[in-house]
Amino acid sequence: MEWISTAFNGASEASVPVWVALITLIGTAVTAGSVILRERVSKKAPRPSAASADVAIATLDNRGLDALRSSLDAANDVGAERNIQLRRLVEAFRDLTGEVEELRRELRAHGETLRNR
Amino acid sequence: MIILNLPPRVHKRVSEWIAALGMIALGFYFMLWPDAFFRIGMGGFADISSAIGLPVQMWMWASMMFGLVRIGALILNGHRPQLSAPIRLSGAVLGASLFAGVSTALVMSIGEFAASVGMPFAIVFTLAEIYNACRASVDTDRALAGGRHGMDLHSVQRGV
């Protein structure tokens with residue numbers, strides 16, 4: 001395996017694995033760093049993400065739905081079919097929120113009536 | 001027929017679990033056969049430990065400790081991503097380095113000994129660790145970005 005030592009500029013056979021380990025360490029760290037950078041660059045374009053959908057679903061209020069709606073509006077790179085599906089989902093949640101509000105109002109009114117009796 | 005049903009958190013990061021267990025197994029290997037450091041190609045690691053005045057067993061302890069810490073981080077992963085993701089990332093980077101060194105040592109011992117059957121495994125582990133590092137780096141970035149913006153996705157999902 002002399003060629004490996006030669007490739008490492010005549011390093012002793014014992015030190016070659018250490019050099020390889022060091023180079024791999026630096027290379028893997030640089031690769032991981034570049035993956036992070038790529039992720040950050042791709043994040044700059046606003047698009048509906050799992051996080052924004054989760055926020056909207058979890059909070060189930062108008063503010064969350066509006067945030068999801070605006071991110072859907074800003075999305076350019078999402079397929080039309082998926083975009084339509086997400087819009088329908090948002091509308092369904094809006095209807096649901098409305099129904100919950102209506103039920104709450106009815107219950108409150110019913111409670112008032114009972115209290116007055 | 002389901003033979004082994006792994007929880008989702010395990011099978012999504014199965015390569016990280018295997019690599020972490022590999023690090024622990026490597027530590028046990030060094031513990032049982034300390035002569036391995038004096039085989040062709042591994043002497044450099046023994047030289048480093050003697051140069052910094054530590055016994056050669058430091059590699060054994062380091063390998064086992066990092067393996068255990070990674071397992072801990074993988075178990076903790078969903079609950080404390082800000083802590084566990086950077087540990088997973090550093091463990092994967094160190095693991096890639098360790099397995100690359102072992103692979104090279106095994107390649108270099110060809111000629112003196114018959115080609116080791118562990119060599120292809122060490123090379124595959126190195127590549128898996130590079131993949132793990134890329135995956136963990138994305139998780140780290142997301143976890144730290146969540147922390148910077150004061151938003152914890154899990155607490156949002158729970159409605160807290």
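Since the model is a prediction, treat every value here as computed from it, not as a measurement.
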Between A/L37, A/V35, A/I36, which is the residue that forms a side chain to side chain contact (heavy atoms under 4.5 Å, CB included) with B/D141? A/I36
Can you name the one residue among B/I130, B/L89, B/T126 that meets side chain to side chain contact (heavy atoms under 4.5 Å, CB included) with A/T28? B/I130
Ranking B/C134, B/S103, B/A136, B/G95 by heavy-atom pairs under 4.5 Å to chain A gives rank one to B/C134
Could you grab the distance from atom CG of B/D139 to atom CD of A/E39, nearest 0.5 Å is fine? 9.5 Å
If every non-hydrogen atom of B/G101 is compared with every non-hydrogen atom of A/P17, which pair is closest and at what distance? O-CB, 3.5 Å
Shared hydrophobic cluster, B/V138 / B/L83 (ILVMFWY, side-chain heavy atoms < 4.5 Å): no
Could you check which of B/A92, B/S90, B/S97 has the highest count of heavy-atom pairs closer than 4.5 Å to chain A? B/S97
With hydrophobic residues grouped by side-chain heavy-atom distances under 4.5 Å, do B/V117 and B/I123 end up in a single group? no
Check whether B/L94 gets within reach of chain A through its side chain, its backbone, both or neither, counting any heavy atom under 4.5 Å. both
With clusters defined by side-chain heavy atoms of hydrophobic residues (ILVMFWY) lying less than 4.5 Å apart, directly or transitively, does B/W61 cluster with B/L32? yes
Is it the case that one hydrophobic cluster holds both B/V93 and B/Y131, taking links as side-chain heavy atoms less than 4.5 Å apart, direct or via other members? no
Of all heavy-atom pairs linking A/A32 and B/A133, the shortest is CB-O, 4.0 Å
Joint hydrophobic cluster, A/L96 plus A/L107, side-chain heavy atoms closer than 4.5 Å: no
